[in-house]
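Structure first, commentary second.
Small disclaimer: the values here were computed from a predicted structure and weren't measured.
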Amino acid sequence: MTRPNRLPRLIPKTISGQTYLWLAMLIFAASNAVTRKLTEIGAQHFMGGRNPISLCNVLFVGNLCALILLILIYGRQWNKTTLKQLSKKDWVTLTAVAILSGAIAPGLFFQALALTGVNNIILIGRLEPPLTLALSIWLLGEGVHLWEIAGAIAAFVGVILTIILQPPQEAMMNMGGLSLGIGELLAIAGSVAISASTIIAKKYLSQIPVGIYSIFRTALGTVIFFFIALVLYGKDHFADVLSPFLWQWMFLYGGLIVVVGQSFWIKGLKSSTVSMASLIGSFSPIAGILAAYLILGEVPTLAQYIGGSLILVGIFLSHLGIRRKTHSRVASAKVNSMQAQQQVETNMGFKGI
């Protein structure tokens, strides 16, 4: 007897790496809008005069979810053989990077979310790629294409216009006759912290396995952020971190933004080239602004339209330069090293955790 034919597959057996990257990019792009929405929901359900879904609680619990995921994926890299190869200098550098990108930068971005619009955070966060590019040329002597430099300049001007053309706000500081929003300043500081950590990692940690780097940064960053928040806000700041109301919403944030988003991103990077992953990641600002409109009803201002347009021009020019280098090993190589992954994530910007 012949076996009956199997039913045709309704879902493809495999999903391409590019599809995983597109899905991850959309999830990460929505992270800021989702975070703001969660805090608004928490503000409607105060507990003991506190918002149970505070930004600090979201960041702290989200990092714990990310840490669990990273351990499941990269835990095997934490073995005696690999760890013995790391020098004291490697651990000191890893600690500095963890403080900058795992604690300070996320804390600054999340605090900025409490003071300014999501679109401002998204656009000002685009300061990171041109700043990292400039520091790479200056401090690391990296060679870049002329179009990449032109793109970085256009994006930088776009960020500056987004900031200085903002209408007057309550939370603003006067700096040399120029009024800047505190939220915008925090977003700038967060971008600088991430750029600094990227340069340090490029220079000293390029040979460190991705798993050791990611797990150590997330774990130490989470602990340091916890103690910084305790010092700044008091011992009761995380009083609601075990609240069932917080966790029922954190399953959405932690499950979707952190676990699903990170899983798709890591899966996609394993089978994609640097140039393709960078191109997909560069659509994050557009997707983020769209998510802010759909989730929060936040309509871009004139300043954001002007600055955002220049930033998009900068992204186009930068990728024009990357395409000119597609024949090189760097652009056409798989994203299978920490250095290549950092290059992709720098173009993408802050991913919400």
Go through it in stages, so that I can follow the logic: the residues are Leu127 and Phe156, the test is side chain to side chain contact (heavy atoms under 4.5 Å, CB included), and I'd like the CA-CA distance, side-chain angles, deciding distance and then a yes or no. CA-CA 6 Å; Leu127 178 66; Phe156 180 79; 3.4 Å; yes
Rounded to the nearest 0.5 Å, how far apart are [atom1] of [X] and [atom2] of [Y]?
X: Trp247; Y: Leu252; atom1: CH2; atom2: CG; result: 13.5 Å
X: Ile215; Y: Leu220; atom1: CD1; atom2: CG; result: 13.5 Å
X: Arg36; Y: Ser31; atom1: CZ; atom2: OG; result: 12.5 Å
X: Thr218; Y: Leu67; atom1: OG1; atom2: CG; result: 6.5 Å
X: Ile280; Y: Trp265; atom1: CD1; atom2: CH2; result: 7.5 Å
X: Thr116; Y: Glu184; atom1: OG1; atom2: CD; result: 3.5 Å

Evaluate the side-chain proximity of [Y] to [X]: yes if any heavy-atom separation is below 4.5 Å, no if none is.
X: Leu23; Y: Thr19; value: yes
X: Leu55; Y: Gln111; value: no
X: Ile163; Y: Ile188; value: yes
X: Val159; Y: Leu123; value: no
X: Val241; Y: Val61; value: yes
X: Glu148; Y: Leu317; value: no
X: Asn63; Y: Val258; value: no
X: Leu113; Y: Thr35; value: yes

Tell me the closest heavy-atom pair linking [X] and [Y], and the distance in Å.
X: Ala193; Y: Ala105; answer: CB-CB, 4.0 Å
X: Asp240; Y: Met47; answer: OD2-O, 4.1 Å
X: His237; Y: Cys56; answer: NE2-SG, 3.1 Å
X: Thr82; Y: Pro209; answer: CG2-CG, 3.8 Å
X: Leu69; Y: Ser263; answer: CD1-OG, 3.5 Å
X: Ala152; Y: Leu133; answer: CB-CD2, 3.6 Å

Taking [Y]'s backbone N and O only, do any of them form a donor-acceptor pair with [X]'s side chain (distance below 3.5 Å, no angle check)?
X: Asn79; Y: Arg76; answer: yes
X: Glu128; Y: Val192; answer: no
X: Asn32; Y: Gly288; answer: no
X: Gln44; Y: Ile41; answer: no

Please determine whether residues [X] and [Y] belong to a single hydrophobic cluster, defined as Ile, Leu, Val, Met, Phe, Trp and Tyr linked transitively by side-chain heavy-atom distances below 4.5 Å.
X: Leu290; Y: Met25; result: no
X: Ile257; Y: Val260; result: yes
X: Ile295; Y: Tyr293; result: no
X: Ile224; Y: Val92; result: no
X: Ile122; Y: Leu294; result: no

Is the distance between the ring centroids of Phe60 and Phe225 under 6.0 Å?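 No: the rings miss the under 6.0 Å criterion.
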For the ring pair Trp22 and Phe264, is the centre-to-centre distance below 6.0 Å? no
Candidate pair Arg126 and Ile315, rule side chain to side chain contact (heavy atoms under 4.5 Å, CB included), full reasoning: CA-CA 10 Å; Arg126 299 308 301 174; Ile315 291 173; 4.1 Å; yes
Is it the case that more than 12 heavy atoms not belonging to [X] sit under 6.0 Å from its [atom1] atom?
X: Phe238; atom1: CZ; value: yes
X: Phe251; atom1: CZ; value: no
X: Phe316; atom1: CZ; value: no

Ile194 and Leu100: side chain to side chain contact (heavy atoms under 4.5 Å, CB included), yes or no, with the steps? CA-CA 7 Å; Ile194 291 181; Leu100 286 170; over 6 Å; no
Pair Asp90, Thr93: side-chain N/O donor-acceptor within cut-off below 3.5 Å: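 No, no side-chain donor-acceptor contact under 3.5 Å.
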Audit row: Asn57, Ile53, side chain to side chain contact (heavy atoms under 4.5 Å, CB included) steps and yes/no: CA-CA 6 Å; Asn57 282 343; Ile53 314 182; over 6 Å; no
